[in-house]
Amino acid sequence: MAFEIPQDLHPDLMPLAWLLGRWEGRGHGDYPTIEKFEFGQQIDFSHNGKPYLHYVSQTFVVGEDGTKERPLAVETGFWRPQPDNKVEVILAHPTGIAEIWYGDIDGAKIELQTDVVARTITAKEVTAGHRLYGLVNGELLWAYDMAAEGQALQPHLWATLVRA
Ligand code: HEM
C-alpha cells in the first residue's frame, strides 16, 4: 500500500516517518530458559503533530489461518527523534518493566540499546536489550535481543510485518 507523509507531521519526525501506520505480521521467539514459540503481531506508530511517535505493539497466539486466538505480550511507549539521526525511546511493559533506549537512525535501519531497565519487585530479571528495525522491500523487520534471568544478551524475538 502506498504510504504518504501526513501534512501535519512535525518536521523532527521526518527520519522516522516511514514507521507511521499499522503493521501486521508473524514472528518467532526463543531463549535458553524457554521453549521456542511463534506469535502474531500488530504494531501501530501514530503521531499528533508533536515531535514524537506513539508506539503500541500487541502480540497474539495465532491459528493456522492467522486468527488471533489469545493475547501474548503488549508494549507501548514513545519514540523521540533527536538531532544527528539519534533517537530516544521510552517503553513500558505490563510485566513490570520500563526501559530507556538510545539509538541511531540510518535511513531505513534503526538500532537501539537499553540505557536503563527498571523493574518492579515481581518482574523477571531483565537487565539489557538490543533492537534492530529495518524496512526491507516494504516489509518491517525487527529483532530483539535480551539479557535476562542470568543469561547473556541473545535473541528472544524476531518478526516480519507488512503495512495493514
Ligand atoms: C513480541 C513480544 C513478546 C512475546 C510474544 C514474548 C513471548 C514470550 C513467551 C511465550 C515466553 C515463555 C513463556 C513465559 O514465560 O511467559 C517468554 C518469556 C520471557 N520473556 Fe518474552 N515475549 C515478548 C516480549 C518480551 C519483552 C519485550 C521482554 C522484556 C522486556 C520479554 C522478556 C521475557 C522474559 C524475561 C521471559 C522469561 C524467561 C524465563 O522465565 O527464563 N519478552 N516470552
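The first residue in the sequence is number 1, and the count goes up from there. A quick note: this is a predicted structure, and the numbers were derived from the prediction, not measured. Remember, it's 1-based here, ligands and their atoms both numbered in the order they're listed.
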ask   = Any side-chain heavy-atom pair from L13 and H47 closer than 4.5 angstrom?
value =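 L13 reaches H47 side chain to side chain.
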task = For the residue pair W142 and L161, establish whether any side-chain heavy-atom pair is separated by less than 4.5 Å.
result =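 Contact flag for W142/L161 side chains = yes.
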task = Rounded to the nearest 0.5 Å, what's the gap from CD1 on I105 to CD on Q82? Could you check?
result =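 Rounded to the nearest 0.5 Å, the CD1-CD separation comes out at 9.0 Å.
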Pairwise, report which nitrogen or oxygen atoms of ligand 1 are under 3.5 angstrom from protein nitrogen or oxygen atoms, and how far apart they are.
from     : atom 1 : to   : atom 2 : distance (Å)
ligand 1 : 20 (N) : H156 : NE2    : 3.0
ligand 1 : 22 (N) : H156 : NE2    : 3.1
ligand 1 : 40 (O) : K124 : NZ     : 2.7
ligand 1 : 41 (O) : T33  : OG1    : 2.5
ligand 1 : 42 (N) : H156 : NE2    : 3.0
ligand 1 : 43 (N) : H156 : NE2    : 3.1

Geometric cation-pi criterion R70 and F60, 6.0 Å radius, 45° cone =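 Pair R70/F60 does not count as cation-pi.
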ask   = With respect to Y55, which candidate in F45, Y133, W101 satisfies the ring-ring contact (aromatic ring centres under 6.0 Å, His included) definition?
value =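 The option that passes is F45.
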ask   = What residues form a ring pair (Phe, Tyr, Trp, His ring centres under 6.0 Å) with Y144, not counting sequence neighbours?
value =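 By the ring pair (Phe, Tyr, Trp, His ring centres under 6.0 Å) rule, Y144 matches no residue at all.
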